[in-house]
Amino acid sequence: MLKRYYAHRDKDIFITAGSARDLAPGSFGVCAIGGGAEGWSVVHVGPEGDVADLGGEYYFATAEEALAFAREIIDLLIDGGEPEGLHGD
């Protein structure tokens with residue numbers, strides 16, 4: 001069940017209760033882990049319905065932090081370059 005919807009630069013971002021299976025291809029998801037108690041992950045659903053975890057081993061403490069990361073990833077995809085916080089400085 002989808003909880004909230006956002007759009008950033010014409011890309012869909014959904015905050016979900018933990019599953020990406022209901023997301024449409026091409027959309028991004030902020031998924032609760034353990035109902036949000038264990039953190040939040042950021043995923044992207046590819047054109048074939050395959051789901052990629054964009055944060056890798058890194059999870060976010062709040063949905064807002066994960067949403068900000070999703071927006072940075074979208075900016076990276078559109079503009080090129082490197083999102084803040086990923087360059088190791």
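Residues take their numbers from the sequence shown, with the count starting at 1. Computation of the quantities below employed the complete heavy-atom set of this structure, encompassing side-chain atoms and omitting hydrogens, waters and symmetry-equivalent molecules.
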Atom of Cys31, atom of Val43 and distance for their closest heavy-atom approach: SG-CG2, 3.8 Å
For Asp53, all residues meeting side chain to side chain donor-acceptor pair (under 3.5 Å), sequence neighbours excluded: none
Separation of His44 NE2 from Ile13 CD1 (nearest 0.5 Å): 10.5 Å
Reported CZ-to-OH distance for the pair Phe14 and Tyr6, which is rounded to 0.5 angstrom: 12.0 Å
With Ala66 via side chain to side chain contact (heavy atoms under 4.5 Å, CB included) - residues at least two apart: Val30, Trp40, Val42, Phe60
Contacts of type ring-ring contact (aromatic ring centres under 6.0 Å, His included), residue Tyr59, not counting sequence neighbours: none
Test side chain to side chain contact (heavy atoms under 4.5 Å, CB included) applied to Arg9 - qualifying residues, sequence neighbours left out: Ile74, Asp75, Ile78, Asp79
Shortest non-hydrogen contact from Val45 toward Ala24: CB-O, 3.6 Å
Asp10 atom CG, neighbour heavy-atom count above 12 within 6.0 Å: no
Nearest non-hydrogen partners of Pro25 and Pro47, listed with the distance: CB-O, 3.8 Å
Distance (rounded to the nearest 0.5 Å) between Leu23 CG and Thr16 OG1: 6.0 Å
Heavy-atom closest pair, residues Ala32 and Gly36: CB-N, 3.5 Å
Least distance between heavy atoms, Arg4 atom then Ala63 atom: NH2-CB, 4.2 Å
Phe28 side chain reached by Asp12 side chain, heavy atoms, under 4.5 Å: no
